[in-house]
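Accompanying notes for the structure given below.
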Number of protein chains: 2
Amino acid sequence: MGGTPLVAFAQHGNAEVGGTIYDTVALPSARSVRQEGSGVVRFTVGHSAPTLEDVARIAGVSRATVSRVVNGGTLVAAKTTEAVREAITQLDYHPNRAARALVTRRTGVIAVIVPETDERVFADPYFPQVYHGALQAFSDSDVQVVLAMSQPGDNASRMVRYLESGHVDGALIASHHGPSLAQALAHSWQPVVFIGDPEVPGVPYIELDNRAAARVATQHLIERGSRRIGTITGPLDMGSARQRLEGFREAMAEAGLDGDLYVEGGYNAQSGQVVEQLLDRAPDLDGVFAANDLMAVTAMGVLQRLGRRVPEDVRIIGFDDASIGRQCTPQLSTMTNPAAEHARAAAELLIEILAGGLPETRNLMAASQLVVRGST
Amino acid sequence: MGGTPLVAFAQHGNAEVGGTIYDTVALPSARSVRQEGSGVVRFTVGHSAPTLEDVARIAGVSRATVSRVVNGGTLVAAKTTEAVREAITQLDYHPNRAARALVTRRTGVIAVIVPETDERVFADPYFPQVYHGALQAFSDSDVQVVLAMSQPGDNASRMVRYLESGHVDGALIASHHGPSLAQALAHSWQPVVFIGDPEVPGVPYIELDNRAAARVATQHLIERGSRRIGTITGPLDMGSARQRLEGFREAMAEAGLDGDLYVEGGYNAQSGQVVEQLLDRAPDLDGVFAANDLMAVTAMGVLQRLGRRVPEDVRIIGFDDASIGRQCTPQLSTMTNPAAEHARAAAELLIEILAGGLPETRNLMAASQLVVRGST
DNA sequence: CCATGTGCTGCAACCGCTCTCAAAGCTTTC
DNA sequence: GAAAGCTTTGAGAGCGGTTGCAGCACATGG
């Protein structure tokens, strides 16, 4: 089994693990990335892979013929084919797709871009759905779908560089903050489809009808009898968050209620805590619309800990229909957000664009559904 | 804000949502990926991006000079540089990295490969750590780290093809089942580092000392007084699962106890349920070593539901030190598995390999720590 | 004033592959 | 037996870059 271990090490910064730790081992200082020039890691690869040329030489034919065998389609004599096949297996030849991409202009790689840190991406159940949907759309093609997220200090440029690099055919972009990425990409030649309004004209996207959904959610609270309703929004640099806030205010205004009771959250579980601020501003709070389930569930916990009964004292409704909303007591009412479907639709739109059979601009608007459970 | 929505649609297969659904909208049949030839999606891109040549023409210089300006380093006259810069911004030129990669043999892209379906990847807290660690290692270089997982029906070939495609410089491979992927890659020219023993000689990897850790865990149960101990293993086609089982049996044998009480799980929460089988086989069960925390927590729940007190009647220890183990009652004792650190170390090893300053084969073995909490 | 040096730029080959076009070999036909 | 028609193959021109090397213009030294 493998070679012999040469180094033994381990580490665990004495972080709060909430228990007693035994068996600690010293940690070596982590070597850092060696750099040269302007922050670029320089690589030099030793061996180089066999090329078409090599195969051709061994098989005693020309490059063109090998290419024909590899790509199929064109007719090549049976025995030639066999000789080439043999040479290919002998050398363990794999075509260099980057070179091929240069001439075919197709890489066979699609990226799902999420301009969030990896922590957020893995913490929020929304992103797996997006990725899953994209994967589905490409499942029976031989496209490789890769996921790229941003790193803590990143601005948009690393992403843009990757997208324009020629290593991907196109991209789906999922959780963008503000129009900067879209702007950078708008005049680029890279086919992209946004999930959520990019706020830049001409850039194709699909989005949930957030405003309508937020109205439905708010109206539902009102119908159930809530009057003093507050909302926890998402980060307001995101279109979806603003739209949900808008929908909330519309519904409140229509009902002749005060729609100014809102506080900004971050779409993450922790920021559900801000419900306390709503409570400070409105001690008679009897309804909460949280812009996603993660925040809603936290808010529910906070309210319950403060002695409020849900839904008797305060009704709560979330957004996204995340599974976590079914694991709390009472179960959370919510608005569906079939992200996987959207991603798939977006991916299919991307495929159309890539196939060239393209309408100018194309935007898709998707509807949401109200799911009533115990919390309202 | 963007163009006008052209299409409105939504969908929600009437899946079990555990609530009442209002506001349903018809769903269009999802268009499927258009295919041609052997399962390959064909793309044709309309516009094409400006090239070096274009820039050179506008700036009135040669391609070589533009290249020099773009890449810096070599000396170019100040006014020439300026002219080129101007042309570049005018055309919004971005170098085609695929073309560059052809000659420099560096793409600036590193892949983290996880041969699991996306559901598993997002469900298990282990993978985010791996990705995070990899990201850290490359954080101050301008390498793009992408994540690729396999699709339900996939065999290894799509992965291998991607890795050998020339679109990535190298890869970290995280949760492989059996040696097939490693074998396919062993004679390839692609620099890869495995996290976990690939079971193929000559392929570099880093791994946790699973056997030793499992021994420590088991010994801990014995020390606390457990005698009739069972284990829930991971999928036994994975080296880590087998090693943890081995460690368990060793510790049991050393203590003169029966080490045959085990049942295979899948490293996912659901498979913690198999603890019932242990109970069937040994009603006097008083200790459980689960090969990861996900299974341990589920097992604890099952046992408690069956009236067993933890740790009074049955002691439970898990593996991985996942956060979920701190959210249950009692809190779960466990073995640490600082996956992020491992991934970072693996990434640094990969960087070394890519830099060419390479030891033949290099394997790293990492230690684990026992964390004692309430469950033992 | 000519030989040298120095600074900057262009030519051209090459990275690995695809694909058009024409040539070569073979059959068929008159 | 030569012309015509196929099938099969190879030569060669790119794809968009990088880079070694030669060449040019101008400044310097003898």
Side-chain angles (χ1 to χ4, degrees), chain A residues 37 40 42-45 47-57 59-84 88 91 93-108 161 164-167 169 189-190, chain B residues 37 40 42-45 47-84 87-88 91 93-108 161 164-167 169 189-190:
Chain A
V40 181
R42 296 264 156 209
F43 301 143
T44 54
V45 181
H47 282 292
S48 65
T51 72
L52 252 200
E53 188 83 50
D54 299 328
V55 176
R57 199 173 330 106
V61 297
S62 72
R63 290 205 320 277
T65 301
V66 177
S67 176
R68 288 186 188 105
V69 171
V70 170
N71 295 302
T74 358
L75 39 179
V76 177
K79 53 179 180 292
T80 315
T81 304
E82 202 193 343
V84 172
I88 287 178
L91 291 175
Y93 167 78
H94 292 263
N96 180 324
R97 292 199 161 203
R100 177 186 290 172
L102 203 53
V103 27
T104 61
R105 286 145 179 301
R106 286 180 290 111
T107 65
R161 223 181 311 125
E164 312 229 316
S165 69
H167 290 301
D169 286 331
W189 314 91
Q190 196 55 232
Chain B
V40 182
R42 296 263 156 209
F43 299 144
T44 54
V45 181
H47 281 292
S48 65
T51 72
L52 253 200
E53 188 82 48
D54 300 328
V55 176
R57 197 172 334 104
I58 301 255
V61 297
S62 72
R63 292 208 312 279
T65 302
V66 178
S67 176
R68 289 185 188 107
V69 171
V70 170
N71 294 302
T74 357
L75 37 183
V76 177
K79 54 179 179 291
T80 314
T81 303
E82 201 192 342
V84 171
I88 286 178
L91 291 174
Y93 165 78
H94 293 263
N96 180 326
R97 292 199 161 203
R100 178 186 289 171
L102 203 52
V103 28
T104 62
R105 288 148 177 300
R106 287 180 291 109
T107 64
R161 221 182 311 125
E164 313 230 316
S165 69
H167 290 301
D169 286 331
W189 313 90
Q190 195 56 230

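A note on names: the letters A, B, ... follow the listed sequences, proteins ahead of strands, and every chain is numbered from 1.
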Look at [X] and [N] and indicate whether a side-chain polar atom (N or O) is within less than 4.0 Å of OP1 or OP2.
| X | N | value |
| --- | --- | --- |
| B/S67 | D/dG17 | no |
| A/R63 | C/dC19 | no |
| A/T65 | D/dT9 | no |
| A/T51 | C/dG16 | no |
| A/T80 | D/dT9 | yes |

Problem - Distance, nearest 0.5 Å, that separates CD of A/E53 from OH of A/Y93 - result: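 Answer rounded to 0.5 Å: 10.5 Å.
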
Handout entry: From NE2 (A/H167) to CZ (A/R97), nearest 0.5 Å
Key =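 It comes to 14.0 Å.
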
Atom of [X], atom of [Y] and distance for their closest heavy-atom approach:
| X | Y | result |
| --- | --- | --- |
| B/A83 | B/A59 | O-CB, 4.0 Å |
| B/V70 | B/P95 | CG1-CG, 4.4 Å |
| A/D169 | A/G108 | OD2-N, 2.8 Å |

Send over the distance from [X] [atom1] to [N] [atom2], rounded to a whole Å.
| X | N | atom1 | atom2 | result |
| --- | --- | --- | --- | --- |
| B/L91 | D/dG16 | CG | C1' | 15 Å |
| A/I88 | C/dC17 | CD1 | P | 10 Å |
| B/R105 | D/dT19 | CZ | P | 12 Å |
| B/R106 | C/dC15 | CZ | C1' | 14 Å |
| A/L52 | C/dT18 | CG | C1' | 9 Å |
| B/N71 | D/dT18 | CG | C1' | 8 Å |
| B/E53 | D/dG14 | CD | C1' | 12 Å |
| B/H167 | C/dG16 | NE2 | P | 15 Å |

With sequence neighbours left out, what residues match [X] under side-chain hydrogen bond (donor to acceptor under 3.5 Å, both in side chains)?
| X | value |
| --- | --- |
| B/T81 | none |
| B/T80 | none |
| A/R100 | A/N71 |

Practice task
Select from B/S62 and B/V103 the residue whose nearest nucleotide in DNA chain C is closer to the 5' end of that strand.
Solution key: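 Counting from the 5' end, the first nearest nucleotide belongs to B/S62.
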
Problem - side chain to side chain contact (heavy atoms under 4.5 Å, CB included) partners of B/A64, counting only residues at least two apart - result: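 B/S62, B/R68.
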
Exercise for the section: Decide side chain to side chain contact (heavy atoms under 4.5 Å, CB included) for A/T51 and A/N96; before the verdict, give the C-alpha distance in whole Å, the side-chain angles of both, and the deciding distance to 0.1 Å. Expected result: CA-CA 8 Å; A/T51 72; A/N96 180 324; over 6 Å; no

Practice task
Could you please name the option among C/dT9, D/dC15, C/dG10 that lies closest to any side-chain atom of B/V61?
Solution key: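 Output: C/dG10.
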
What pairs of nitrogen or oxygen atoms, one from the protein and one from nucleotides 20-24 of chain D, lie under 3.5 Å apart?
| unit_1 | atom_1 | unit_2 | atom_2 | d |
| --- | --- | --- | --- | --- |
| D/dG20 | O6 | B/R68 | NH2 | 3.2 |

Problem - Nucleic acid contacts of residues 93-100 of chain B, taken as heavy-atom distances under 4.0 Å to DNA chain D - result: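 Only B/Y93, B/H94, B/P95, B/N96, B/A99, B/R100 qualify.
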
